[in-house]
Amino acid sequence: MRMSQAFIPTLREDPKEAEVASHLLLLRAGMIRKLAAGIYSVLPLGKRVLRKVETIIREEMDRAGALELYLPAVQPAELWEESGRWAKYGKELLRFQDRHEHSFCFGPTHEEVITDLVRHEIRSYRDLPRCFYQIQVKFRDEVRPRFGLIRGREFIMKDAYSFDRDEAGAEQSYKLMVQAYERIFTRMSLDFRMVQAEAGNIGGNFSHEFMALADTGEDLILFCDACGYSASQERAEVGKTDPPSAGEEKEAPRERVATPGQRTVEEVCGFLKVEPRKLIKTLIVQAQGEPLAVLIRGDLEINLNKVKRHLQADSVELAEPETIERVTGAPVGFAGPVGLKLKILADQSIRGIARGVTGANAADFHFINVKVGRDFPEPEYGDFRLARGGDACGKCGKTMREMRGLELGHTFKLGVKYTQALQATYLDPEGKETLMVMGCYGIGVTRALAAIVEQSHDQDGIIFPLAVAPYQVIVVPVETADDQIREKAEEIYQKLTEAGLEVLLDDRSERAGAKFKDADLLGIPFRITIGKRNLAQGRVEIKRRGEKTAQLEPAEMACARITELVAAARAAEKPGDKTIDE
RNA sequence: CGGGGCGUAGCGCAGCCUGGUUAGCGCGCCUGCCUUGGGCGCAGGAGGUCGGCGGUUCGAAUCCGCCCGCCCCGACCA
């Protein structure tokens, strides 16, 4: 492609709306433009990259035996009512009506539609297993779209759905997808980790996230270097830690002290001059409407997912102030376990506290010197805390590290959640109606593009991995007015293109500096520079984007050399088959 | 939804507090010359509902009210 014919509106200055690298550089490189909050146009250069990302995904999904199809983006409300999600999904679901006043939504995901299709079309065990996928635009009306393509409202997603005869088959399908995912992200040269995850809105009983490591990532991931355990913060289990104060301090009689207006951990600690870790924080939660108390050390945060899992409840949320007042007899901020007539769960962190501080279940009063087991019965212990770096690993007890991550993909073992709701059954060999067992697997395609840029850029712009670069080579004639230079550039451009490479020829009559700046900004992996002095000696310059120095090559060797370099770089990016089978 | 910030030319900004000819600057864009190894120089030029509506005033980009949009933090979330 000749740059004079292309449409690559690069920006010299930073658009003020962009703060993170991927957003900024994709805008500056002329790959995307914003239409509205969280809604972007993808320009030709960006589209080329996106297509490459999609191609990698297609190749690996096909290799895993998944079948590509295309499902409607506009979906009838009835289907969502059948699965129960019309009521449950909330405001993220964009709903609207057609001219007949029938309700529809713009699909944020496609479990309902695919399950509907499959229940009508698959009747026999002979037709199973099957895995379908599509690459398509989704819409989720996010509360807060941000960071450009990282969290858009409209975005492109690859979603796949597997249907199996039984749990064992579903596990096999899941494994296949996980392997495909590892190959996909490896081929994109992404630095990623697969972590255990919470299933969230999609549901199901088992799930992993694929996280690109990035400081701008919105999620925290926890790792254990010792045993390899890795999980999202929402999910990460924390091992038993030593009792924080047992043995250190003698017990003392419990006392009721006035703490007027001191509600938060911070306030109470300031007022009573104690460390947050001496506090026993008492949270009133509701599990399916049923109130109960959860205790946790004052310096820690609770993870309601863990409470939910422990109780095997469908929903667990913090109680409303009215409920708290009703069950504790005190306004918010003064709840405590002493004398509380509720089921009490406790995080391991409060085990053995001998002189703790708790609310007194009375306005403006706290207890000090509270001893667990003496002043209130030993509660039901569990792991309910939000994991942080430095916490003990839930598997081996060694210390975990935390890192920021950007969710690229999410895999779920759904079980029969949707097949049951929509009655997707098949006849087994004995002629018995049986529910299909389902899995679903998503990849944020547009987000993957953002993640690649996030992980691979420098001061000057993007550094695209070869596999997804919009063009592999950019040919830069330094003086377009010079016939010799122009002709040589033209010749190299033609030859490389004929050799099957994707080449951009900067035939604009810009100055060298401007061309170099743009070439760097766009992140094209290889640059061939043709200048007067070198050409006089029959040489041209070859430079790899991201490397400081360039190599001089005889002009007639340039094409062969580039072809060689591209092939070598391509090979280096390929996933080794070995790394996949762990 | 809570907190903070912003909306003036394609992009980045000044002007607003303290109302007053024709609303400025840099970059980009167009024309010409010059130049050509890291966004060069010179000359000329085009481009504006000052986010919208309403109000105050002789007069509003500027003051007041309402609304809309965007960005950041938080809550939330695949």
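Below, read A as the first sequence line, B as the second, and so on, with proteins coming before strands; counting in each chain starts at 1. Model, not experiment: these values are computed from the prediction.
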Whole-Å distance between B:A75 P and A:E234 CD? 12 Å
Check this one for me: any side-chain N or O of A:R146 less than 4.0 Å away from OP1 or OP2 of B:C73? yes
Whether A:D347 side chain and A:F384 backbone form a donor-acceptor pair below 3.5 Å: yes
Sort and list the pairs that fulfil side-chain hydrogen bond (donor to acceptor under 3.5 Å, both in side chains) and have at least one residue in residues 538-548 of chain A, not counting sequence neighbours. A:D458-A:R545, A:Q537-A:R539
Base, sugar-phosphate or nothing for A:E209? Non-hydrogen atoms, less than 4.0 Å. nothing
Could you go through nucleotides 28-32 of chain B and list every protein N or O atom that sits under 3.5 Å from one of its N or O atoms, giving the distance for each pair?
from, atom 1, to, atom 2, distance (Å)
B:G28, OP1, A:R12, NH1, 2.8

Pairwise P distance, B:G12 and B:U18 [rounded to whole Å]: 29 Å
Residues from residues 528-539 of chain A sitting under 4.0 Å of RNA chain B, heavy atoms only? A:T529, A:G531, A:N534
Whole angstrom value for the distance that separates C1' of B:G37 from CG of A:L552: 12 Å
Pairing check on B:G19: which nucleotide meets the Watson-Crick or G-U wobble criteria with it, both distances under 3.5 Å? none
Which part of the nucleic acid does A:K515 contact within heavy-atom distance under 4.0 Å: base, sugar-phosphate only, or nothing? nothing
For A:Y441, answer base if it contacts any base atom (sugar-phosphate contacts may also be present), sugar-phosphate if it contacts only those atoms, and nothing otherwise; contact means non-hydrogen atoms under 4.0 Å. nothing
So do A:P477 and A:L505 actually touch side chain to side chain, heavy atoms under 4.5 Å? yes
Looking at A:E81, I want to see if its CD is surrounded by more than 12 non-hydrogen atoms of other residues, nucleotides or ligands under 6.0 Å. yes
With the side chain counted from C-beta on, respond yes when A:F104 and A:R95 share a heavy-atom pair under 4.5 Å apart, and no when they do not. no
Those residues that, when tested against A:H110, pass ring-ring contact (aromatic ring centres under 6.0 Å, His included) (two or more places apart): none
Minimum-distance nucleotide to A:R151 side chain [options: B:G38, B:C77, B:C73]: B:C77
Would you tell me if any nitrogen or oxygen in the side chain of A:R144 comes within less than 4.0 Å of OP1 or OP2 on B:C73? yes
For atom NE2 of A:H23 and atom P of B:C11, their distance in whole Å: 13 Å
So what does A:A481 touch, heavy atoms closer than 4.0 Å: a base, only the sugar-phosphate, or nothing? base
Gap in Å between the two C1' atoms, one belonging to B:C25 and one to B:G48, rounded: 15 Å
Which nucleotide in the set B:C77, B:C71, B:C40 lies at the smallest distance from any side-chain heavy atom of A:A37? B:C71
With the side chain defined as heavy atoms from C-beta on, A:V143 is closest, among B:C70, B:U35, B:A75, to B:A75
The salt bridge (charged side-chain N to carboxylate O under 4.0 Å, His left out) partners of A:R2 (sequence neighbours excluded) come to A:E490
N/O contacts under 3.5 Å, protein versus nucleotides 4-10 of chain B?
from, atom 1, to, atom 2, distance (Å)
B:C6, O2', A:K16, NZ, 2.9

Nearest-angstrom distance, P atom, B:G15 to B:A9: 15 Å
Which whole-number value in Å describes the distance from A:E479 CD to B:C34 P? 15 Å
Sugar-phosphate, base or nothing in reach of A:R33, heavy atoms under 4.0 Å: nothing
Counting side-chain heavy atoms from CB outward, which of B:C72, B:A78, B:C71 is closest to A:K34? B:C71
Considering every strand and a 4.0 Å limit on heavy-atom distances, what is the contact class for A:R447: base, sugar-phosphate, or nothing? base
If you measure from the P atom in B:C66 to the same atom in B:A23, how many Å do you get, rounded? 30 Å
Interatomic distance at C1', B:G28 relative to B:C40, whole Å: 16 Å
Using the P atom as the point on both nucleotides, what is the distance between B:C16 and B:C64, in whole Å? 14 Å
Which residues pass the side-chain hydrogen bond (donor to acceptor under 3.5 Å, both in side chains) test with A:S41, sequence neighbours left out? none
Under 4.0 Å, counting only non-hydrogen atoms across every strand here, what does A:E142 touch: a base, just sugar-phosphate, or nothing? base
Taking only the C1' atom of each, what is the distance from B:C68 to B:C77 in whole angstrom? 26 Å
At 4.0 Å (heavy atoms only), tell me whether A:R28 reaches a base, stays on the sugar-phosphate, or touches nothing. base
What is the ring orientation for A:F185 with A:F210, classed by angle as parallel under 30°, tilted 30 to 60°, or perpendicular over 60°? tilted
Mind checking if A:D520 touches a base, just sugar-phosphate, or nothing, with heavy atoms under 4.0 Å? base
Which residues pass the salt bridge (charged side-chain N to carboxylate O under 4.0 Å, His left out) test with A:E68, not counting sequence neighbours? A:R58
Could I get the full list of side-chain hydrogen bond (donor to acceptor under 3.5 Å, both in side chains) partners for A:R263, not counting sequence neighbours? none
With sequence neighbours left out, the residues meeting side chain to side chain contact (heavy atoms under 4.5 Å, CB included) with A:A170 are A:D164, A:V437
Using the side-chain heavy atoms of A:R140, tell me which of these nucleotides is nearest: B:U35, B:G38, B:A78. B:A78
For B:C1, the nucleotide meeting Watson-Crick or G-U wobble distances (both under 3.5 Å) is B:G74
Under the salt bridge (charged side-chain N to carboxylate O under 4.0 Å, His left out) rule, collect the residues that match up with A:K34, sequence neighbours excluded. A:E17
Would you mind reading off the distance between A:E17 atom CD and B:G69 atom P, rounded to a whole angstrom? 16 Å
What integer number of Å spans the P atoms of B:G19 and B:C58? 15 Å
Let's see if you can work this out: which of B:C77, B:C73, B:A78 has an atom nearest to the side-chain heavy atoms of A:E92? B:C77
With sequence neighbours left out, what residues match A:E142 under salt bridge (charged side-chain N to carboxylate O under 4.0 Å, His left out)? A:R151
